[in-house]
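Reading through the structure tokens given below for one structure.
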Amino acid sequence: MREPIDPLTLLQWYDRHARIMPWRVSPGDRCAGVRPDPYRIWMSEVMLQQTTVAAVKEYFVRFTRRWPSVTDLAAAKDADVMGEWAGLGYYARARNLLKCARVVADEYDGIFPDTHDELLKLPGIGPYTAAAVSSIAYDLPETVLDGNVERVMSRLYDVHTPLPLSKPELMTLAQALTPQERAGDYAQAVMDLGATICTPKNPACGLCPWRDPCKGRLAGTHVELPKKVPKKKKPIRLGIAYIARRVDGAYLLETRPDKGLLGGMLGWPGSEWIEGVPVEAEPMKAQWKVIEGEARHTFTHFHLRLIVKTALVPMDRSPDTGEFMPLEEFRPSDLPTVMRKAFDLATGGSKTTSKDAPRSRAK
DNA sequence: GAAACGTGGCG
DNA sequence: TCGCCAAGTTT
């Protein structure tokens, strides 16, 4: 061991190579005394849970423009927050985001707590996010252990124990490296390293500030680390979605229950999604017509093939399930992606991806 | 500890 | 087409 693994080496790399993000205070500005806004750090960290930076950026800008402070967010309507989150996935995050904002506004005077333990009590904040907010927003020497840090530590110390069994060991190693000074920049630096240099495939070891002391690279095993327990294969489920349009243009929609898949989101009424043949579940009496093709979508633990049926219904008939939403209140972008795919199939392939179009009237 | 929980990009 | 992966948390 000729050369110790030094956090300062990484900080120097970060000073030159830090990525620019809408929520980030660059190391230069940080040095000049600029402090990050804990509200923005918290929001970015929740959005970044299991989600790529590229996907998050747009949502982050949109959310913080619409709700600039935690008290603004706490006062928002549930449906507005869920609609704004639509498309980002893992919708329990949006429900917990709002819950957390209301707790911070009501019980913490609108100020996020700074300690790991206190942050951990808040909805939607687990060990990673608590450490991220504590270190990045408040510069306390907490250690973040996300997928990037797991990969970097596994390679740096040539850990062959598979995840998630190796987590405690990786945490110990990561904590030992965490500096007392510049803890926030250091946390972001390890994650930037993992995201841009120490990548899952084709790591750019030639550019790595920790190239020389890296035990995995020395052993030649780095590319196969971290080891992971094999994943299960995804079954295929089938379902039917019903898209009813009233003659005045209103669509029949339902708000899904808070628990479970797509909880709290807007969606088309439909059958259960099961591995066998789905049972018809028409939300109202009508001339239902099958649309040719199917909407395909993959969730975390199953593939879905969704048959879509449509109907045009008169004004004087009420549904058994769901409610008609006036055309001027309906934005396809408020739907989770699978529901938007069903809508696109029903309306003839025109893609509806933009959140830019405002509701034609607010009320 | 295991399973549930979304989505899009990439090889 | 398909599996892997991305700044995890909750139950």
Side-chain angles (χ1 to χ4, degrees), chain A residues 19 21-24 40-60 82 85-97 99-100 119-137 142-152 162-165 167-168 171 174 184 186-196 198-202 224 226-237 256 258-265 267 273 295-305 335-341 353:
Chain A
R19 290 179 292 172
M21 319 263 202
W23 50 85
R24 178 176 281 181
R40 294 166 62 87
I41 297 303
W42 161 72
M43 178 160 309
S44 68
E45 290 302 339
V46 172
M47 288 182 169
L48 286 162
Q49 292 166 6
Q50 298 288 283
T51 309
T52 57
V53 167
V56 164
K57 279 183 176 169
E58 220 179 297
Y59 282 85
F60 175 83
M82 298 314 287
W85 195 277
L88 199 53
Y90 284 137
Y91 298 101
R93 294 185 295 173
R95 301 195 300 275
N96 286 328
L97 188 83
K99 269 191 213 164
C100 182
L119 286 161
L120 208 46
K121 295 176 187 167
L122 296 168
I125 297 188
Y128 164 77
T129 306
V133 172
S134 190
S135 62
I136 299 172
E142 296 292 341
T143 300
V144 294
L145 185 65
D146 73 329
N148 289 304
V149 182
E150 287 169 357
R151 185 169 56 255
V152 170
L163 282 166
L165 194 66
K167 268 192 179 222
M171 181 49 119
Y186 176 78
Q188 296 175 91
V190 195
M191 294 191 282
D192 269 22
L193 186 74
T196 63
C198 195
T199 49
K201 292 164 197 167
N202 306 314
E224 53 192 78
K227 305 266 193 194
K228 295 189 179 180
V229 297
K231 299 183 178 169
K232 282 195 213 164
K233 199 179 165 205
K234 291 178 172 135
I236 297 172
R237 294 192 195 174
R256 299 168 63 89
D258 273 353
K259 298 280 180 186
L261 194 68
L262 308 179
M265 297 301 290
W273 297 343
R296 289 194 179 201
H297 191 73
T298 299
F299 292 96
T300 312
H301 51 296
F302 65 92
H303 300 287
L304 177 67
R305 296 182 182 182
L335 297 171
T337 300
V338 63
M339 298 295 176
R340 198 174 42 68
K341 284 182 181 175
T353 49

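Every chain is numbered from 1 and lettered A, B, ... according to where its sequence line falls, protein lines coming before strand lines.
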Practice task
Quote, to the nearest angstrom, the C1' distance that separates B/dG1 from C/dG8.
Solution key: 16 Å

Exercise for the section: Verify whether the ring centers belonging to A/F299 and A/H297 lie closer than 6.0 Å. Expected result: yes

Exercise for the section: For A/L88, report the nucleic acid contact type (base, sugar-phosphate, nothing); a contact means any heavy atom under 4.0 Å. Expected result: base

Handout entry: Nucleotide of C/dA7, C/dC5, B/dT7 approaching A/Y91 most closely (side-chain heavy atoms)
Key = B/dT7

Handout entry: A/D146 side-chain proximity, nearest of C/dA7, C/dT9, B/dC5
Key = C/dA7

Practice task
Considering only NZ, NE, NH1 and NH2 on the basic side and carboxylate oxygens on the acidic side, decide whether A/R24 and A/D192 come within less than 4.0 Å.
Solution key: yes

Practice task
Would you please name every residue forming a side-chain contact (heavy atoms from CB on, under 4.5 Å) with A/P235, sequence neighbours left out?
Solution key: A/E275, A/F302

Exercise for the section: Validate the cation-pi geometry between A/R296 and A/W273: distance from NZ or CZ to the six-membered ring centre under 6.0 Å, angle to the ring axis within 45°. Expected result: no

Handout entry: Separation of the C1' atoms in B/dG8 and C/dT1, to the nearest angstrom
Key = 16 Å

Problem - OP1 or OP2 of C/dC2 under 4.0 Å from side-chain N/O of A/T298 - result: no

Fill in the blank from the handout: Atom CZ of A/R237 and atom C1' of B/dA4 are separated, to the nearest Å, by 10 Å

Practice task
Would you indicate what A/G194 reaches in the nucleic acid, counting non-hydrogen atoms under 4.0 angstrom: base, sugar-phosphate, or nothing?
Solution key: nothing

Handout entry: Separation of atom CH2 in A/W42 from atom P in C/dG8, rounded to whole Å
Key = 17 Å

Exercise for the section: Kindly point out which of B/dG6, B/dG8, C/dT9 is positioned nearest to the side chain of A/R340? Expected result: B/dG8

Practice task
Would you check if there is a donor-acceptor pair between the side chains of A/N148 and A/R151 at a distance under 3.5 Å?
Solution key: yes

Fill in the blank from the handout: Sorted by position of nearest nucleotide on DNA chain C, 5' first, the leading residue of A/G124 and A/R24 is A/R24

Fill in the blank from the handout: Between A/L165 and A/L262, the residue closer to the 5' end of DNA chain B by nearest nucleotide is A/L165

Practice task
On DNA chain C, check which nucleotide each of A/K233 and A/M191 is closest to and give me the residue with the more 5' one.
Solution key: A/K233

Exercise for the section: Would you mind telling me which of C/dA6, B/dG8, C/dT9 lies closest to the side-chain atoms of A/N148? Expected result: C/dA6

Problem - Options C/dT9, C/dA7, C/dC5, nucleotide nearest the side-chain atoms of A/D192 - result: C/dA7

Exercise for the section: Check every strand shown and say whether A/R151 touches a base, only sugar-phosphate, or nothing at a heavy-atom separation below 4.0 Å. Expected result: sugar-phosphate

Exercise for the section: Look at all strands and tell whether A/P164 reaches a base, only sugar-phosphate, or nothing, counting heavy atoms closer than 4.0 Å. Expected result: nothing

Practice task
Between A/F299 and A/K201, just flag the one whose closest nucleotide in DNA chain B comes earlier from the 5' side.
Solution key: A/F299

Practice task
With C1' as the reference atom in both, quote the distance from C/dC5 to B/dC5 in angstrom, rounded to an integer.
Solution key: 16 Å

Fill in the blank from the handout: From NZ of A/K57 across to C1' of C/dA6 the rounded distance in Å is 14 Å

Handout entry: Distance below 4.0 Å between A/H301 side-chain N/O and B/dA3 OP1 or OP2
Key = no

Exercise for the section: Decide if the gap between the ring center of A/F60 and the ring center of A/W23 is smaller than 6.0 angstrom. Expected result: yes

Completion exercise
One should read off an interatomic distance between A/M43 CE and A/C100 SG, to the nearest 0.5 angstrom, of 10.0 Å

Exercise for the section: Test side chain to side chain donor-acceptor pair (under 3.5 Å) on A/Y128 and A/Q49 and set out the steps. Expected result: CA-CA 9 Å; A/Y128 164 77; A/Q49 292 166 6; over 6 Å; no

Handout entry: Distance below 4.0 Å between A/H297 side-chain N/O and B/dT7 OP1 or OP2
Key = yes

Handout entry: Of the listed nucleotides C/dC5, B/dC5, C/dT11, the one nearest the side chain of A/K228
Key = C/dC5

Practice task
Pick base, sugar-phosphate or nothing for A/G87, based on heavy-atom distances below 4.0 Å to the nucleic acid.
Solution key: sugar-phosphate

Practice task
Round to the nearest Å and state the distance from A/W273 atom CH2 to B/dG6 atom C1'.
Solution key: 11 Å

Practice task
Please report, rounded to the nearest Å, how far the C1' atom of C/dC2 is from the NE2 atom of A/H303.
Solution key: 8 Å

Practice task
Compare side-chain N and O positions of A/Q49 against OP1 and OP2 of C/dG8 and report whether any pair is under 4.0 Å apart.
Solution key: no

Practice task
Starting from C1' on B/dC5, measure out to CE on A/M47 and report it in whole angstrom.
Solution key: 18 Å

Problem - Under 3.5 Å donor-acceptor pair, A/T337 side-chain atoms to B/dG8 base atoms - result: no

Exercise for the section: Find the distance A/Y59:OH to B/dG8:P and express it as a whole number of Å. Expected result: 8 Å

Exercise for the section: Identify whether any heavy atom of A/M21 sits under 4.0 Å from a base atom; if not, whether one sits that close to sugar-phosphate; answer base, sugar-phosphate or nothing. Expected result: base

Practice task
Please evaluate the base of C/dA7 for a donor-acceptor partner in the side chain of A/R93 within a cut-off of under 3.5 Å?
Solution key: no

Practice task
Let me know the distance between CD of A/Q50 and P of C/dC5, rounded to the nearest Å.
Solution key: 12 Å

Exercise for the section: Kindly say whether, by distance alone, the side chain of A/Y128 makes a donor-acceptor pair under 3.5 Å with the base of C/dG8? Expected result: no

Problem - Sugar-phosphate only, base, or nothing, as touched by A/K232 at under 4.0 Å among non-hydrogen atoms - result: sugar-phosphate

Exercise for the section: Examine C/dC5: is either OP1 or OP2 under 4.0 Å from a nitrogen or oxygen in the side chain of A/T52? Give yes or no. Expected result: no

